[in-house]
Amino acid sequence: MANIKKNIIFDVVFSNEIKPKDVGCKVHEIINDLHKVLPSYDIIIHVDNMYSYY
């Protein structure tokens with residue numbers, strides 16, 4: 001049986017309260033937490049900007 005690569009791909013939007021320099025650390029925390037429960041998946045996260053429309 002061939003190895004099948006399994007990915008989880010999603011976007012994350014952080015509030016403006018998170019400093020830009022801390023975003024990378026937060027993304028790694030999310031990836032590490034997901035790998036604990038889904039070790040056979042590759043986690044791909046795209047960070048989006050928060051937009052407000054009034």
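- Residue Glu17 places its CD atom among 12 or fewer non-hydrogen atoms of other residues, nucleotides or ligands, all under 6.0 Å distant.
- The existence of a salt bridge linking Lys36 and Asp33 is confirmed by a sub-4.0 Å separation between a basic side-chain nitrogen and an acidic carboxylate oxygen.
- Asp22 contributes no side-chain N or O that, together with a main-chain N or O of Ile18, makes up a donor-acceptor pair within less than 3.5 Å.
- The pair Asp42-Lys6 fails the salt-bridge criterion, with no side-chain N (NZ, NE, NH1 or NH2) lying under 4.0 Å from an Asp/Glu carboxylate O.
- Residues Val27 and Val47 meet the side-chain proximity criterion, which asks for heavy atoms closer than 4.5 Å.
- Nearest heavy atom pair, residue Ile8 against residue Tyr41, reads CG1-CD2, 3.5 Å.
- Connection of Ile9 to Val23 is not established within any shared hydrophobic cluster, with ILVMFWY side chains joined at heavy-atom distances below 4.5 Å, either directly or through further cluster members.
- A single hydrophobic cluster is seen to contain both Leu38 and Ile45, as judged by linkage of ILVMFWY side chains at heavy-atom distances under 4.5 Å, directly or through other members.
- Here Ile31 contributes atom CD1 and Ile43 contributes atom CD1; the two are 7.0 Å apart, rounded to the nearest 0.5 Å.
- Between atom CG of residue Leu34 and atom CZ of residue Phe10 there is a gap of 5.0 Å, rounded to the nearest 0.5 Å.
- More than 12 non-hydrogen atoms from other residues, nucleotides or ligands lie less than 6.0 angstrom from NE2 of His35.
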